[in-house]
Amino acid sequence: MVCGGFTCSKNALCSLNVVYMLVGLLLIGVAAWEKGFGLVSSIHIIGGVIAVGVFLLLIAIVGLIGAMHHHQVMLFFYMVILFIIFLFQFGVSCSCLAMNRGQQETLLTSTWGVLDNKTKEDLETQIDCCGLLNTTATRIQFEEDLLSCPAPCKETPTRECSSCGGIMLHHATEALKILGGVGLFFSFTEILGVWLAVRYRNQKDPRANPSAFL
């Protein structure tokens, strides 16, 4: 059954905005969790995802209020901003999915090199790891970090400390896949939201004055 009536369009737009609010909260939550996990805060894509989540949450609230009251101005700005969010979210989501492990290692290595020793030691203690990546290119830096590592794992002789880079890359890869997949899927639903808003905005409210059509 086609949703063509005023009430049906209103309910569909309200429901869609509730979904947008949940997606916005999901994006903010996952990105904030990953941003707070070690050096992943240096990846600007994570910040971009949080920004998309915040704007999507705010515009969903505006759209929900506009749909409930059939407010012409709010619905107009809702359509324009939602389309802009679609473009931005589509680009960020594709960037999340396209970032490979090599690019993540490059970002982490460059960021680790500019951190002071106190910050490195705090991260090593928090994550219970030593050094960043034990590779040929970073072996000298890794051995230096290993000597000054205060992580609890060093206090256990029978336990080998993991590299911080390996742990952070594992979590970063998971988060980028989740953020990219969810963001890409729901970015296309935003086009549906724009279409519904245009349709609903041009419909006449049957409870209003029949001669007053906006």
Side-chain angles (χ1 to χ4, degrees), residues 20-58 85 88-187:
Y20 289 160
M21 293 173 67
L22 296 176
V23 174
L25 291 173
L26 177 64
L27 292 175
I28 295 171
V30 175
W33 167 75
E34 193 63 28
K35 187 176 177 67
F37 191 91
L39 292 178
V40 183
S41 59
S42 65
I43 301 180
H44 299 300
I45 288 179
I46 299 294
V49 172
I50 293 178
V52 169
V54 171
F55 280 111
L56 185 59
L57 180 61
L58 293 176
I85 291 178
F88 187 64
Q89 183 173 333
F90 182 81
V92 171
S93 299
C94 290
S95 299
C96 287
L97 295 174
M99 179 170 283
N100 56 40
R101 188 177 181 88
Q103 293 171 323
Q104 295 176 37
E105 289 182 2
T106 301
L107 286 170
L108 288 175
T109 302
S110 61
T111 304
W112 186 269
V114 300
L115 292 178
D116 55 58
N117 292 331
K118 180 66 170 59
T119 304
K120 292 179 182 178
E121 292 174 1
D122 290 343
L123 287 170
E124 289 170 337
T125 302
Q126 176 187 353
I127 307 175
D128 194 15
C129 59
C130 288
L132 183 63
L133 294 169
N134 188 12
T135 60
T136 304
T138 61
R139 189 175 302 279
I140 297 177
Q141 180 66 52
F142 180 81
E143 292 176 352
E144 292 177 358
D145 294 332
L146 188 61
L147 293 174
S148 60
C149 178
C153 61
K154 284 191 69 177
E155 300 175 1
T156 307
T158 58
R159 180 183 173 190
E160 183 179 355
C161 291
S162 303
S163 66
C164 297
I167 296 175
M168 287 186 287
L169 285 171
H170 173 71
H171 287 278
T173 301
E174 288 182 348
L176 289 173
K177 287 181 179 179
I178 294 173
L179 294 172
V182 172
L184 187 63
F185 175 78
F186 282 100
S187 64

If I take atom [atom1] from residue [X] and atom [atom2] from residue [Y], how far apart are they, to the nearest 0.5 angstrom?
| X | Y | atom1 | atom2 | result |
| --- | --- | --- | --- | --- |
| Phe55 | Leu58 | CZ | CG | 7.5 Å |
| Ile178 | Leu26 | CD1 | CG | 8.0 Å |
| Met99 | Thr106 | CE | OG1 | 9.5 Å |
| Gln104 | Thr173 | CD | OG1 | 4.0 Å |
| Leu146 | Ser163 | CG | OG | 10.5 Å |

Is there a disulfide bond (SG atoms under 2.5 Å apart) between Cys129 and Cys164? Walk through the geometry before answering. CA-CA 5 Å; Cys129 59; Cys164 297; 1.9 Å; yes
Other residues, nucleotides, ligands: >12 heavy atoms within 6.0 Å of Ile140 CD1: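 12 or below, so no.
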Tell me, do Lys120 and Leu132 make a side-chain contact under 4.5 Å, heavy atoms counted?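 With C-beta onward as the side chain, the pair stays apart.
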Is there a side-chain contact between Gln103 and Asn100, using heavy atoms and a 4.5 Å cut-off?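 They are in side-chain contact.
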Which atom of Pro152 lies closest to which atom of Thr125, heavy atoms considered: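 Minimum heavy-atom contact is CD-O, 4.1 Å.
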Residues in side-chain contact (heavy atoms from CB on, under 4.5 Å) contact with Cys149, at least two apart in sequence or another chain: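 Per chain and number, Cys149 pairs via side-chain contact (heavy atoms from CB on, under 4.5 Å) with Glu124, Cys130, Ala151, Lys154.
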With sequence neighbours left out, write down each residue that passes side-chain contact (heavy atoms from CB on, under 4.5 Å) with Asp122, or none if nothing qualifies.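 For Asp122, the residues satisfying side-chain contact (heavy atoms from CB on, under 4.5 Å) (neighbours in sequence not counted) are Lys118.
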With Cys94, which residues qualify under disulfide bond (SG atoms under 2.5 Å apart), at least two apart?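 With neighbours one apart ignored, the set is empty.
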Donor-acceptor under 3.5 Å (Ser93 side chain, Leu184 main chain):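 Yes.
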